[in-house]
Amino acid sequence: MFKKKHKRKVSHIIIFTTDAVDARTRQLKIRPWASGLLTLITCVLLGSLIGYIVYEGQIWDMNRQKEVRQQEEIEVLEQEKRSLEEEIEELNVKLEVLSTTVNEQSQTADALQEELEQQSLPTAYPLSGSAGIEVVTEGEPMVIFTPSDGMVLASAKGRVTAIEEDENYGNKVIVDHGNGYVSVYFNRGDAQVKVGDEVSKGTTLFLIGENNKQLIYQIMQDDVYISPMDIMYTPG
């Protein structure tokens, strides 16, 4: 028969001593399970400390990398900001130049418009030469010219709207200037224009000859006859 072996009990003893003369040696007996537990706790604490150090190092490294990325992003944004500021400055310069150009063009357009309006006002003298003048104010106002020669001229830009025969004064040419003004010319010569023609200031309407040395001239403003002398420029 085999004898049953008994498991040996192992204990750990910790001895405490001091340098005192009367010091006594103390012993602390630690059970194996307590020693293992202490070892486990020590390992856990040590592992936790190492893990904490490693973790803190990773956190620090991540924060440093994050700061580096943020600094790089800030530099990129600053560069973009400077580029945008330069573009804005260039655009402001272009806008100023464009504004100046627009203003100049607007002034030019206004001047041209004013010139066109002036060209459509029947203010010009309706003859190419000098003539005697008789102003009629009774009834429909008119001016009777008696030139010796030359031509009857349109007093402003417009369109010929009618050419009619008149039993008293010969042929009648009506020019509508498109701004409320209408000029009317009577002469016994042959009209040099036809209905629908666009005329300019100075366009020849009649030729003065031996048998037609008279021009009857009238102006209407908004369908009302006015005295031509009120707006007509006469040569000095």
Side-chain angles (χ1 to χ4, degrees), residues 1-123 156-159 176-181 196 198-201 221-222:
M1 298 293 292
F2 293 97
K3 294 181 179 180
K4 186 177 181 180
K5 293 182 178 181
H6 295 281
K7 188 175 181 181
R8 296 174 57 191
K9 294 183 179 180
V10 180
S11 297
H12 298 278
I13 298 174
I14 298 176
I15 300 174
F16 297 93
T17 64
T18 65
D19 294 334
V21 176
D22 58 347
R24 291 179 299 173
T25 301
R26 294 182 180 181
Q27 296 181 358
L28 178 62
K29 187 176 181 181
I30 301 176
R31 299 284 184 180
W33 63 268
S35 176
L37 179 61
L38 181 61
T39 302
L40 177 63
I41 292 173
T42 303
C43 291
V44 170
L45 291 176
L46 183 61
S48 298
L49 179 61
I50 294 173
Y52 176 77
I53 294 173
V54 173
Y55 176 76
E56 284 295 320
Q58 292 177 345
I59 294 298
W60 183 86
D61 186 59
M62 291 173 60
N63 288 334
R64 185 177 62 82
Q65 292 179 1
K66 183 178 180 180
E67 290 178 358
V68 171
R69 288 195 300 269
Q70 289 177 343
Q71 185 62 35
E72 292 176 350
E73 292 175 356
I74 291 173
E75 291 178 357
V76 171
L77 291 174
E78 288 291 337
Q79 180 63 35
E80 292 178 353
K81 178 184 176 182
R82 288 192 293 270
S83 299
L84 286 175
E85 289 175 348
E86 292 175 358
E87 291 179 3
I88 291 173
E89 185 176 356
E90 292 178 359
L91 288 175
N92 286 334
V93 172
K94 292 180 180 179
L95 181 61
E96 184 176 354
V97 172
L98 181 60
S99 177
T100 301
T101 303
V102 169
N103 289 335
E104 291 176 352
Q105 291 179 347
S106 177
Q107 292 175 359
T108 301
D110 290 343
L112 289 174
Q113 182 64 28
E114 184 177 355
E115 183 179 351
L116 288 174
E117 291 176 357
Q118 290 295 326
Q119 290 179 359
S120 297
L121 289 176
T123 57
K157 178 184 177 182
R159 184 172 63 88
D176 187 346
H177 301 288
N179 52 6
Y181 286 97
E198 297 290 336
V199 298
S200 301
K201 181 171 64 176
Q221 181 181 10
D222 298 328

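- The side-chain contact (heavy atoms from CB on, under 4.5 Å) test applied to Gln79 returns Arg82, Ser83, not counting sequence neighbours.
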Assess whether side chain to side chain contact (heavy atoms under 4.5 Å, CB included) is satisfied between Arg159 and Glu198, documenting all intermediate values.
CA-CA 4 Å; Arg159 184 172 63 88; Glu198 297 290 336; 3.1 Å; yes
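- Nearest heavy atoms, Gln119 versus Ala156: O-CB, 3.2 Å.
- The minimum heavy-atom distance between Ser120 and Asn179, with the atom names listed, is O-ND2, 3.0 Å.
- Partners of Thr101 under the side-chain contact (heavy atoms from CB on, under 4.5 Å) rule, at least two apart in sequence or in another chain, are Val97, Gln105.
- The CD atom of Glu73 sits 10.5 Å away from atom CD of Glu80, with the distance rounded to the nearest 0.5 Å.
- The line from NE2 of His177 to CD of Gln221 is 11.5 Å long, rounded to the nearest 0.5 Å.
- For the atom pair CZ (Arg64) and CZ (Arg69), the distance works out to 10.5 Å, reported to the nearest 0.5 Å.
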Applying side chain to side chain contact (heavy atoms under 4.5 Å, CB included) to Leu84 and Glu87, what does each step give before you reach the verdict?
CA-CA 5 Å; Leu84 286 175; Glu87 291 179 3; 3.9 Å; yes
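- With a 6.0 Å radius and a threshold of 12 heavy atoms from other residues, nucleotides or ligands, Gln70 has its CD atom above the threshold.
- Distance check: Lys81 NZ to Ile74 CD1 gives 12.0 Å after rounding to the nearest 0.5 Å.
- A donor-acceptor distance shorter than 3.5 angstrom exists from the side chain of Ser48 to the backbone of Val44, with no hydrogens or angles considered.
- A distance of 9.0 Å separates CH2 in Trp60 from CD in Glu67, rounded to the nearest 0.5 Å.
- Gln65 and Asp61 share a side-chain donor-acceptor pair at under 3.5 Å.
- Distance CD1/Ile41 to CG/Leu45: 7.0 Å, rounded to 0.5 Å.
- Checked by atom type and distance alone, the side chain of Thr108 pairs as donor or acceptor with a backbone atom of Glu104 at under 3.5 Å.
- Of all heavy-atom pairs spanning Asp176 and Tyr181, the tightest one is OD1-O, 3.5 Å.
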